[in-house]
Amino acid sequence: MTFKHIFKVNANWISNPNPEQSTSRFYSKSHEVTIEGKLILDVSAAKAFKGDPALYNPEDLLLSSLVSCHMMSYLYVCSQNGIEVLLYSDDAEATLEVNSDGSGRFTEVRLNPKVTIVNSDKIELALELHKKANQLCFIANSCNFPVLHNASCEV
């Protein structure tokens, strides 16, 4: 049985002309993303693409989604397997390749989860469960690039 869920987001952008940049080639990239009942996200392009470096950008948000979804999937499979997780952190990295025509795509994401668990006899299983978490992760399942894992685990 399949269940469908609908997620809705609203993006709003307003022209904010800069008198020093007289043509439309220099549109501001900053905008608001709203989701009903949640705080407004101020978003821009990445600094490399002439965005506001103080704001979130779509690339940051995609990587953040992968990190968060993997962590939640991992905690779920750990709970199913009797593994008590005390700490979880991840210093993830995404590689974006941009072509000469301005198009581009992510070519891979590397997750580097560091997990602390209670039982030393479950370290091997805890490491193996990252594969299961990746299979369950909604976001990873939606990507057309590899999501790689370099996990570590300690007690």
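All residue numbers in this chain count up from 1 along the given sequence.
The two atoms that bring N134 and A140 nearest to each other are OD1-CB, 3.6 Å, heavy atoms only. In this structure, H70 and H130 approach most closely via the heavy-atom pair NE2-ND1, 2.9 Å. S73 and A133 make their closest contact through CB-O, 3.5 Å (heavy atoms, listed as atom of the first residue, atom of the second, distance). Across all their heavy atoms, G51 and P53 have their closest contact at O-CD, 3.2 Å. Closest non-hydrogen pair, S44 versus D52, comes out as OG-N, 2.9 Å.
Between atom NZ of residue K122 and atom CD1 of residue I117 there is a gap of 8.5 Å, rounded to the nearest 0.5 Å. Summarising the geometry, atom CZ belonging to F145 is positioned 10.0 Å from atom OG1 belonging to T95; distances are rounded to the nearest 0.5 Å. Note that the CG atom of L129 and the CD atom of Q80 stand 9.0 Å from one another [nearest 0.5 Å]. Here the straight-line distance linking atom CG of N81 with atom CG of L125 works out to 5.0 Å at 0.5 Å rounding. Distance check: E84 CD to T116 OG1 gives 12.0 Å after rounding to the nearest 0.5 Å. Distance check: E97 CD to E108 CD gives 9.0 Å after rounding to the nearest 0.5 Å.
At least one donor-acceptor pair closer than 3.5 Å links the side chain of D101 to the backbone N or O of S103. Between the N119 side chain and the D121 main chain, no donor and acceptor come within less than 3.5 Å of each other.
Shown here is I14, whose CD1 atom has no more than 12 heavy atoms of other residues, nucleotides or ligands within 6.0 Å. By the neighbour-count criterion of 12 heavy atoms within 6.0 Å, atom CD of E36 is sparsely surrounded, having that number or fewer from other residues, nucleotides or ligands.
Residues V155 and L127 share a hydrophobic cluster, clusters being chains of Ile/Leu/Val/Met/Phe/Trp/Tyr side chains in contact below 4.5 Å. Using a 4.5 Å cut-off between side-chain heavy atoms of Ile, Leu, Val, Met, Phe, Trp and Tyr, with links allowed through other members, L66 and L61 fall into different hydrophobic clusters. Hydrophobic clustering of Ile, Leu, Val, Met, Phe, Trp and Tyr side chains at less than 4.5 Å, counting indirect connections, keeps L41 apart from L62. In this structure, L55 is not a member of the same hydrophobic cluster as V43, with clusters built from ILVMFWY side-chain heavy atoms closer than 4.5 Å. Linking ILVMFWY residues whenever their side-chain heavy atoms come closer than 4.5 Å, directly or via other members, leaves I139 and L148 in distinct clusters.
A tilted orientation is assigned to the rings of Y74 and Y88, their planes being inclined by 30° to 60°. The aromatic rings of Y27 and W13 sit perpendicular to each other, their planes meeting at more than 60°, with 30° as the lower class boundary.
The shortest distance between side-chain heavy atoms of L111 and V67 falls below 4.5 Å. Looking at heavy atoms from C-beta onward, K114 lies out of side-chain contact with E154 at the 4.5 angstrom threshold. A 4.5 Å side-chain heavy-atom check between V33 and Y56 finds every atom pair outside the cut-off. Residues D90 and M71 are not in side-chain contact: their nearest non-hydrogen atoms beyond the backbone lie 4.5 Å or more apart. Under the 4.5 Å side-chain criterion, counting only non-hydrogen atoms from C-beta, R110 is not in contact with N150. A 4.5 Å side-chain heavy-atom check between D42 and E32 finds at least one atom pair inside the cut-off.
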Would you list the atom pairs, donor with acceptor, under 3.5 Å between side chains in residues 4-11 and any protein atom, with sequence neighbours excluded?
| unit_1 | atom_1 | unit_2 | atom_2 | d |
| --- | --- | --- | --- | --- |
| N10 | OD1 | N12 | ND2 | 2.5 |

